[in-house]
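One structure is given below, encoded as structure tokens.
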Protein chains: 2
Amino acid sequence: MAIENVYNKNSLKKVAEKAGVSIATVSRVINNSPNVNPETRIRIEKIVKDLKYTPNRVAKRLRNRNASGNLLGVLIPDIQNPFYIEVLRGIEDVAYKKKYALIVCNFSQDETKEKLYLDILQSESVDGLIAAPTHEHDQKVINVVKTGLPIVCVDRGLVDADVDVVLVDNRKGAFTAVDYLAKKGYKRIAYISGIPNLPSSRERELGYRDALDANSLPAYDELIRYGDSRHDSGVKLCDELLNLSKPPDAIFTGNNLITLGALETIHKKGLKIPDDVAIIGFDDMYWSISLNPPLTAVRQPAYEIGKCAAEQLISRITNPDRPTSNMILKTELMIRNSC
Amino acid sequence: MAIENVYNKNSLKKVAEKAGVSIATVSRVINNSPNVNPETRIRIEKIVKDLKYTPNRVAKRLRNRNASGNLLGVLIPDIQNPFYIEVLRGIEDVAYKKKYALIVCNFSQDETKEKLYLDILQSESVDGLIAAPTHEHDQKVINVVKTGLPIVCVDRGLVDADVDVVLVDNRKGAFTAVDYLAKKGYKRIAYISGIPNLPSSRERELGYRDALDANSLPAYDELIRYGDSRHDSGVKLCDELLNLSKPPDAIFTGNNLITLGALETIHKKGLKIPDDVAIIGFDDMYWSISLNPPLTAVRQPAYEIGKCAAEQLISRITNPDRPTSNMILKTELMIRNSC
DNA sequence: GTGAAAGCGCTAACAC
DNA sequence: GTGTTAGCGCTTTCAC
């Protein structure tokens, strides 16, 4: 390797030499420790500035394993899902303010990948982790919790593990949507579910059933389809639904990506929304209004979820003994023209 | 701090003790170095497995500054832009295959933030960096290039710096779009530009002008608006355009987010696409077909851009002396129904 | 108020 | 084929 990365030749040692003090003193100045002569401090601070010295984060992390490395891990199931992007934005804004950097790992709902990333994250000695586990019994994440690493779960909780959780009331959100549909007079309301063993999918199904019940509508098995929370799944399951001998008059889609997929199918079939079939989605997007037609949807405060999660995490890192908490945020029905 | 992060008490030392050898030998086994007795190797491998030993990435990075830390930095201007998400996916897929983790930094087109992240990335001793600089004279990135850190630029090049670049032929892409519009008979074609000092914005403007020229259409100053590459900017500038005494009959939008913003305005005004005004966008999205109406757009192979960038970067890390290269990928006009 | 030194986990040069 | 050791940059204990 001929090329040498010349960056950051600066080190405590360099600064110390220039200041004629020991590295310990410089370290104290950098970390605002007490017990350093005010004059020495000023002198060193000047040199630090001149040399543009910045502490080496890697060395710092190696030294103090589990704290102050200013590095957070984020484990996301699907980066194509705009919901997680918004969550990520929320996390990022808070992290930035507190000078934390983020290692973002997108495991694409692949458990092998999830495992690898979890290992990497620990091996990188992150100070804490924000994760959306594959499901509530996700042993891989639970194991990490057991190591004592501060963790906040978003979107999905964890059974048998004492962690902070930030999510929305999925059941209620789904209820609101389906109830709205029922009150509008739709009779055969279908539900396209995301991955069925996700707590959020199940909760939404419960909300869906609650609403049917509340409106004395029967729940037809053939109108409930289970997919994998992805675009393709929305395309396919919607197609199945619309090919039924008695197709639904309205569809409640279990997430963002499914909604988009379902829309694609509906358009391909040349069906009119909402006249031929109505659609209401879980998850709103900032461009939902530009969809065809403007989409009625249950909005999750995704940005806020991320923000809260990051705040919770940082608070836990600085105060590990705080009892864990569950934050349940509210959803909001965004009424537009798709039903 | 009462809680102790118990993770990874494992270390070379632990394994070495258990195997009754020195840490050097264990290190050799881990790194598949030659010169180790096959039997010893097998014995150690077993212990490694039993102990679930995984090398500490932080220590490794501290030791070998500029290589083999298996960590890459990604510097992205706007994570809300689906284009960058696709790029990120491409990067991530390649990185994962080669066991690299990613530190993803979204600077939200904020130069202060960009600077901070650049510092952090270097301070983390990443092996290499994929970046979309704010503009082609981005001194902050150029400085990093000068340190010798392997860098690949995406979407935007860098003047006066010898780096690998992966992008598309923006001028040609824009030409294709506007030429298509002109051939369709539109006479007053507007252009909503992203941040004007971005090379991509300028190239797209050139392509736009080329196409007007080629079709003997005049370029009206009032029909060219410059924004900041964001959704809001699309909303606002489109509104200005449509309030003109002689409004455009077609709009060419400079990127994803601007397109979405423009659509929002057009819908708000109750205008019909393409009858009242046509629209063609730079950047395609996988859900463009579900927009109102299905959007005609210039598709950038975003995923491939990310993929190529990551491959280029890894190749440069392993072979720093390879001459730099420019990869220019092709765009594709996705014809749907918005004009 | 300051310095010397140990040690975080690892690699690589060198010795045997 | 294997072991010893220095050192990456940092924090922290213990002297002074």
Any side-chain heavy-atom pair of B:R316 and B:V152 under 4.5 Å:
no
To the nearest Å, give me how far apart CG (A:N64) and C1' (C:dA6) are.
14 Å
Would you give the length of the straight line joining atom NZ of B:K98 to atom OG1 of B:T318, rounded to the nearest 0.5 angstrom?
7.5 Å
Give every residue pair that meets the side-chain hydrogen bond (donor to acceptor under 3.5 Å, both in side chains) criterion with at least one member in residues 29-43 of chain B, sequence neighbours excluded.
B:S27-B:N31
If you define the side chain from C-beta out and look only at heavy atoms, does anything of B:L313 sit under 4.5 Å from B:I317?
yes
In whole angstrom, what separates A:L12's CG from C:dT2's P?
16 Å
Heavy atoms only, 4.0 Å cut-off, all strands: where does B:V21 land among base, sugar-phosphate and nothing?
sugar-phosphate
Whole-Å distance separating the CD atom of B:Q122 from the C1' atom of D:dG9
16 Å
Polar-atom pairs under 3.5 Å, protein N or O versus N or O of nucleotides 13-16 of chain D: list them with distances, or write none.
none

Measuring from the side chain of A:N56 (C-beta onward, heavy atoms only), which nucleotide among D:dC10, C:dG3, C:dC10 has the closest atom?
D:dC10
Rounded distance (Å) that lies between atom C1' of D:dT2 and atom CZ of B:R43
12 Å
In residues 32-41 of chain A, which ones come under 4.0 Å of DNA chain C, going by heavy atoms?
A:N35, A:V36, A:N37, A:T40
In this structure, how many angstroms lie between the C1' atom of C:dC10 and the CZ atom of B:R57, rounded?
14 Å
Heavy-atom donor-acceptor pair, A:S325 side chain to A:D164 backbone, under 3.5 Å
no
Would you say the side chain of A:L72 lies within less than 4.5 Å of the side chain of A:L129, judging by non-hydrogen atoms?
no
For the pair made of NZ in B:K14 and P in C:dG9, what is the distance, rounded to whole Å?
8 Å
Take the protein atom CD1 of A:I30 and the nucleotide atom P of D:dC10, then report the distance between them rounded to whole Å.
8 Å
Give a yes/no answer on whether the side chain of A:S22 brings an N or O atom under 4.0 Å of OP1 or OP2 in C:dG3.
yes
Would you tell me if any nitrogen or oxygen in the side chain of A:T25 comes within less than 4.0 Å of OP1 or OP2 on C:dT2?
no
Decide whether a cation-pi geometry holds between B:K113 and A:Y96; the criteria are a distance under 6.0 Å from NZ or CZ to the six-membered ring centre and an angle within 45° of the ring axis.
yes
Pick the closest DNA chain D nucleotide for B:I23 and for B:A59 by heavy atoms, then say which residue is nearer the 5' end.
B:I23
Between CD1 of B:I85 and CD of B:E92, what distance do you get to the nearest 0.5 Å?
11.5 Å
Expressed as a whole number of angstroms, how long is the span from B:R61:CZ to D:dG9:P?
14 Å
Got A:N56 and B:E124 here, is their nearest side-chain heavy-atom distance under 4.5 Å?
no
Considering only side-chain heavy atoms of B:L62, which listed nucleotide, D:dT2, C:dC10, D:dG9, is closest?
D:dG9
